Chemist: 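Provided herewith is a single structure, encoded as structure tokens, for subsequent inquiry.
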Amino acid sequence: MSLALRRSYAQHAYQKTLHLSKTKFPNRSVLANSLELLPLCSDRVYTEQLERFKRELGAVEGEDEKLAAVRERLFVLHDGPPYANGDLHLGHALNKILKDFVNRFQLSQGKTVYYRPGWDCHGLPIEMKALKDLRDADKMDSVKVRELARQHALRSLDKQRDQFKKYGILTDWSDPYVTMDKSFEVNQLKVFQKMFNMGLIKRQNKPVYWGTVTKTALAESELEYNEKHVSTAAYVKFPLTADSRAHLQDKLKLENELQNDQISCLIWTSTPWTLFSNRAICFNENFSYSLLQLDGSYVIVENNLINQLGSDHKGEILKTFEGKLLKGLFYYNPLVSDIVARPLIHGDHVTDNAGTGLVHTAPGHGHDDYFLGIENDLEIYSPVDHEGRYILNELPDNCKELLMEGGTGLGRKVLDSETTTVILDLLSKKQALLKAHKYTHSYPYDWRAKTPVIIRATPQWFADLHDVKDLAIKSLEKVEFYPKRGENRLSSFIKSRNEWCISRQRSWGVPIPVFHNKSNPDKVLINDELLEYIITRISKHGSDLWFSPEDDISDWFPENYRTMAKDFIKGTDTMDVWFDSGSTWNIIREFYQKELGLSTVPQPLANVYLEGSDQHRGWFQSSLLTKVACSMSEIAPYNEVITHGFTLDEKGIKMSKSIGNTISPESIIEGDKKRNLPALGIDGLRYFVAQADFTTDVTVGPTVLKHVAEALKKCRLTMRFLISNLEISKRYSLLNTSELRPVDKYVLASVNKLLEETKELYKVHNFSKALVALQFHMNNELSSFYFDISKDSLYSDSIESLKRRQIQTTLFHIYDAYRAMLAPILPILVQESWNFLPKQWLNGDNEAEAVTRKWPSLTEINPEVVNEFKQVILPLVKEYKSKFATLGNPSITKPSQTKAIINCSKSTGYSNEELCDVLQTAEVDVNIGDMPSSNSITLDNGTSISIEVTKSEMHKCPRCWKHNSPEVDSLCHRCADSIASE
């Protein structure tokens, strides 16, 4: 047999004596396996930890003691309910998974988590979707509409729930809260009742944002602003009455100069369709105005705004005067034939940076206009219907025919360009139009219909926020915001709100329980006794009964009111869906009271609210306002508010179906070959969420996801390495940390530092930075250092050798630490690895599952040993690698082929065997004495060291392959002893 064959045979034979890593834990994640693991690390864990807490709390005696236990041990993250309409998108996954990170970290800190998922089920989008393909949908009665809407919401809820289940969320999906459930609606009505009894709910004929396509009032949170909207703006002349003209001429001493010509107030408006509703012109008495002779007429303009008329309308300034001279003057609206003198009034909202300094005021079509109208007893006039058409019989006689749409008998739509043309032509005929022009500006759109809204006065129900908002803003001083800018954003929105329009003119929603007089529908009947009776009846029969047609509605009245029933009808308005979701804090209150048996509930109710940044205008606000309104105290419903951004493609473009750049959560989990997206599985989707800075918008695409795939693979292989090297042992018992080698202690100290750093990052919800720290440690301290230097001993040392046991003890602690740090983000990987971990290492402490086991701590390691290792060994390793890299000997490819000659001024304190291990060399020679400074480095402890790297003079061991055997093809002493002992 040739020498080469003998060597090959020997190496093959000896390979069976090595303790090579062994595990059935797979290299790759399989989606089917992940789905099987989900209950173990999600549903079951959630249910068990909550039920255990309830049992333990039940054994606590005394209300105060129970309350203290709840405050100490319970963590509540309240779910902002997603809308039950359509498939989930990546934003849904981002939101739910971020919440899960927070919950799972709290679980690892010994907290019991209460997280009940919810769904928002009422509102216009669901109603429109349910009726989308039906003929004569507008003629369908409310009960049928509600039935179809409920069916659609239930289908969407079930579909979304099945999709959410794949994200590995720690919760009980079988028991969500649903805003269309009878119990929820009753609690919501009780919130309405309480606010009504406190005088906070009022009915007013007031301008509101109105969707002409969706045909309902809209809250500010239901608007989105188009920055490129184009309107036709006009400069319009409103002539002063004869008496006012004479009065002004007298004050300006111009009796003869104007030759009794007309003087007009020049206004500028971007909504010419509202001119028919003009009831006043506002000026600012603190400004200066000029009387101009312009294009053959006389007009009044604020002095600083004359230049904005343009070079073709400069005019001649006849007089400049103080704005207070306009007080008490009157004018006519040139569009209408029924001449009524209208007043000029002071308005603080009038500015001198745009327009003419004279503001057309229509109290039925503007918020500032409305308040001025109320203050000055002006008519709240709005001749526009729910479709955005003029109501012809409410218009002046001279306008009706002009504003009719053809021969239909219907009024023109106010936002149509043709309507604007008709109005401008009429102004021109009246010689009241100075000029018109296109004007690009920000304009509110209905976020559902994506169409411009109008402002029109209609009788609506409002929540008065004047007193509530001050308390709400005060309560935010005790709330932590992540990121910090969220506080200013939320506060600014609340500060700008005085009222909240809570009524909607649709069928699918919680009814506003009020009665309208048959002969005068503006006369309503509502009080606490009636509300209490109606709510009791709805709690028995459900809210659909309220919408059922009934000739006799006396059953809705208490006995002492029933004689009045014949004169009234049930109201048809429903509540704003933000009032629905804003009342969801009742879910937590009921949990405390009904499930935990507390009569006094903790305040704030929830530890955390976490939603997208758009919810500063939505749920964060509505939840805060209803909660504060019900208690009239400075207590928010939450301790912390966390907000995340939106998902963008890799070019930073917002995802849109019309553009075709959307990426679904399923595409990330299962992969998409057409888009070059790798299949990342459930943990991959979660890792993608964790690695992003969620406080800004999150980009996603092939490049990002490939990086995620690489990082996820690294995590899996690291866990596999740890488990596979814990499989083979005769004594599955951990050594005390005091029995470990310095290198073991050093790496465990680095792990403990990482544990502490990661814990602090989790506390402030900085998941991306926690992952960066983990990956850095994994690559630098484990893969390229400790794992490398440990393999030789793990595979070649005697199975019961002390060094091997020291390494395995260290590997177990590393695994346990990484299990804890990765569990919030990668629960399936952690659970799967846990299933393959030899449980003997737990020493009987295996009651807790992988994701509920306590967060470990390794603080008992002597810091002096670690510091010395850093000062001596790490610089030595660095110097050795530098010298090895410059050897220039092609026959030397591995450190195990080398000999390190170490010259040092004094002893390193480490044995040759320890130095061989950390340098991974075959041999080490240590010489103590003086050394030339040019070849040395000085360590932190003052020791001077130089290293020479040469080829080992020993021979390759056929078992461990280190060049440390005294004879050719013979075992080294270590391998010979290992085989002999076994």
Side-chain angles (χ1 to χ4, degrees), residues 120 122-125 127 188-189 191-193 195-196 198-225 362-371 373-374 380 382 384-388 444-449 451-469 472 493-514 516 521-522 524 526 571-583 615-626 628-629:
D120 205 352
H122 290 132
L124 187 60
E127 183 174 333
Q188 181 178 330
L189 286 167
V191 172
F192 175 87
Q193 178 187 18
M195 291 177 66
F196 176 82
M198 297 171 76
L200 300 176
I201 303 294
K202 300 174 182 178
R203 182 173 168 84
Q204 302 173 73
N205 181 37
K206 184 182 174 183
V208 293
Y209 293 108
W210 189 272
T212 59
V213 174
T214 52
K215 302 173 188 176
T216 186
L218 300 170
E220 289 183 31
S221 55
E222 296 171 297
L223 304 176
E224 56 186 20
Y225 284 81
H365 293 294
H367 303 301
D368 289 330
D369 302 35
Y370 170 78
F371 291 115
I374 295 296
I380 313 301
S382 178
V384 180
D385 69 9
H386 64 293
E387 291 184 327
Y445 275 52
D446 183 335
W447 73 282
R448 299 181 183 98
T451 53
V453 303
I454 62 173
I455 297 176
R456 65 183 284 252
T458 59
Q460 300 288 341
W461 291 95
F462 294 87
D464 184 352
L465 303 177
H466 284 85
D467 295 329
V468 174
K469 70 177 184 179
F493 282 126
I494 294 172
K495 285 176 184 175
S496 64
R497 295 190 74 174
N498 293 310
E499 292 177 314
W500 171 9
C501 179
I502 64 168
S503 52
R504 296 292 182 271
Q505 289 64 52
R506 304 300 297 189
S507 300
W508 181 228
V510 177
I512 294 181
V514 62
H516 293 259
D522 287 337
V524 297
I526 181 173
T572 57
D573 285 352
T574 55
M575 289 190 203
D576 176 15
V577 289
W578 290 111
F579 202 97
D580 291 21
S581 59
S583 305
Q615 295 307 314
H616 290 118
R617 298 180 66 212
W619 187 58
F620 294 149
Q621 193 178 148
S622 64
S623 191
L624 175 66
L625 292 172
T626 56
V628 170

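Numbering starts at 1 and runs along the sequence shown. These numbers come from a predicted model, not from an experiment.
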Chemist: Taking all heavy atoms of L189 and all of P511, pick out the closest pair and write down the distance.
Modeler: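 L189 and P511 have their closest heavy atoms at CD2-O, 3.5 Å.
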Chemist: Can W210 and Q460 be said to form a side-chain contact (heavy atoms from CB on, under 4.5 Å), step by step?
Modeler: CA-CA 12 Å; W210 189 272; Q460 300 288 341; 3.6 Å; yes
Chemist: Taking the side chain as everything from C-beta on, heavy atoms only, tell me whether S581 gets closer than 4.5 Å to S622.
Modeler: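 Answer yes - side chains close enough.
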Chemist: Taking all atoms of both residues into account, what is the closest heavy-atom pair of G582 and W619, and its distance?
Modeler: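 Looking at all heavy atoms of both residues, the closest pair is N-CD1, 4.2 Å.
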Chemist: Has S623 got a side-chain atom pairing as donor or acceptor with F620's backbone, closer than 3.5 angstrom?
Modeler: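 No, because the side chain of S623 does not come within donor-acceptor range (under 3.5 Å) of the backbone of F620.
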Chemist: Looking at every non-hydrogen atom in both residues, tell me the closest pair between G366 and I455 and how far apart they are.
Modeler: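 So the minimum-distance heavy-atom pair works out to N-CG2, 3.8 Å.
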Chemist: What is the minimum heavy-atom distance between Q505 and A217, and which atoms define it?
Modeler: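 Closest approach of Q505 to A217, heavy atoms only: OE1-N, 3.3 Å.
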Chemist: With rounding to the nearest 0.5 angstrom, report the CD1 to CZ distance, I201 to F579.
Modeler: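 Between atom CD1 of I201 and atom CZ of F579 there are 5.5 Å.
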Chemist: Can you spot which of K469, R497, H616 makes a side-chain hydrogen bond (donor to acceptor under 3.5 Å, both in side chains) with Q621?
Modeler: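 Option passing the side-chain hydrogen bond (donor to acceptor under 3.5 Å, both in side chains) with Q621: R497.
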Chemist: If every non-hydrogen atom of Q204 is compared with every non-hydrogen atom of F462, which pair is closest and at what distance?
Modeler: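 Scanning both residues, the minimum pair turns out to be O-CE1, 3.7 Å.
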Chemist: State, yes or no, whether a side-chain contact exists between L200 and D467 at a heavy-atom distance under 4.5 Å.
Modeler: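 They are not in contact (no side-chain heavy atoms under 4.5 Å apart), so the answer is no.
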Chemist: Mark yes or no for whether R617, through its side chain, and L223, through its backbone, hold a donor-acceptor pair below 3.5 Å.
Modeler: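 Side chain of R617 to backbone of L223, a donor-acceptor pair under 3.5 Å: yes, one is there.
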Chemist: Work out which heavy atom in Y209 is nearest to a heavy atom in P444; give both atom names and the distance.
Modeler: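 Smallest interatomic distance, heavy atoms only, reads CE2-CG, 4.2 Å.
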Chemist: Under the salt bridge (Lys or Arg N to Asp or Glu O under 4.0 Å) rule, collect the residues that match up with R506, sequence neighbours excluded.
Modeler: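 For R506, the residues satisfying salt bridge (Lys or Arg N to Asp or Glu O under 4.0 Å) (neighbours in sequence not counted) are E127.
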Chemist: Is it true that D576 and W500 share a donor-acceptor pair across their side chains at a distance under 3.5 Å?
Modeler: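 There is such a pair between these side chains.
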Chemist: Report yes if the side chains of F192 and V510 come closer than 4.5 Å at any heavy-atom pair, otherwise no.
Modeler: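 They are not in side-chain contact.
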Chemist: What's the spacing between D446 CG and L218 CG if we round to 0.5 Å?
Modeler: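 Answer for the CG-CG pair, D446 versus L218, is 4.5 Å.
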Chemist: Report yes if the side chains of R203 and D573 come closer than 4.5 Å at any heavy-atom pair, otherwise no.
Modeler: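 R203 reaches D573 side chain to side chain.
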Chemist: Using 0.5 Å steps for rounding, measure from the NZ atom of K215 to the CD atom of E387.
Modeler: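 Atom-to-atom, K215:NZ and E387:CD are 4.5 Å apart.
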Chemist: Would you find a donor on one side and an acceptor on the other, under 3.5 Å apart, between the side chain of T574 and the backbone of S507?
Modeler: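 Pair absent, no side-chain N/O of T574 close to backbone of S507.
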Chemist: So, does S503 use its side chain to make a donor-acceptor pair with the main chain of W461 at under 3.5 Å?
Modeler: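 It does hold such a pair.
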Chemist: In chain order, what residues pass the side-chain hydrogen bond (donor to acceptor under 3.5 Å, both in side chains) check against W578, with sequence neighbours excluded?
Modeler: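 Here the qualifying residues are S221.
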Chemist: For the atom pair OG (S583) and CE (M575), what is the distance rounded to the nearest 0.5 Å?
Modeler: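 Between S583 OG and M575 CE, I get 7.5 Å after rounding to 0.5 Å.
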Chemist: Scan I374, N205, I380 and name whichever one has a side-chain contact (heavy atoms from CB on, under 4.5 Å) with P363.
Modeler: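 Only match with P363 under side-chain contact (heavy atoms from CB on, under 4.5 Å): I380.
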Chemist: Taking H122 for its side chain and W508 for its backbone only, find out whether a donor-acceptor pair lies under 3.5 Å.
Modeler: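 Judged by distance alone, no pair lies under 3.5 Å.
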Chemist: Less than 4.5 Å apart, side chain to side chain, heavy atoms only: is that true for H365 and V384?
Modeler: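 Touching, per the 4.5 Å side-chain cut-off.
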Chemist: Any salt bridge (charged side-chain N to carboxylate O under 4.0 Å, His left out) involving residues 456-465? Give me the pairs, sequence neighbours left out, ordered by first then second residue.
Modeler: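 Every pair satisfying salt bridge (charged side-chain N to carboxylate O under 4.0 Å, His left out) with a residue in residues 456-465: K202-D464.
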Chemist: Any chance you could measure L624, atom CG, to I494, atom CD1, to the nearest 0.5 Å?
Modeler: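 Between atom CG of L624 and atom CD1 of I494 there are 4.5 Å.
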Chemist: Between atom NE2 of H516 and atom OG1 of T572, what is the distance when rounded to the nearest 0.5 Å?
Modeler: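 H516 atom NE2 to T572 atom OG1 measures 6.5 Å (nearest 0.5 Å).
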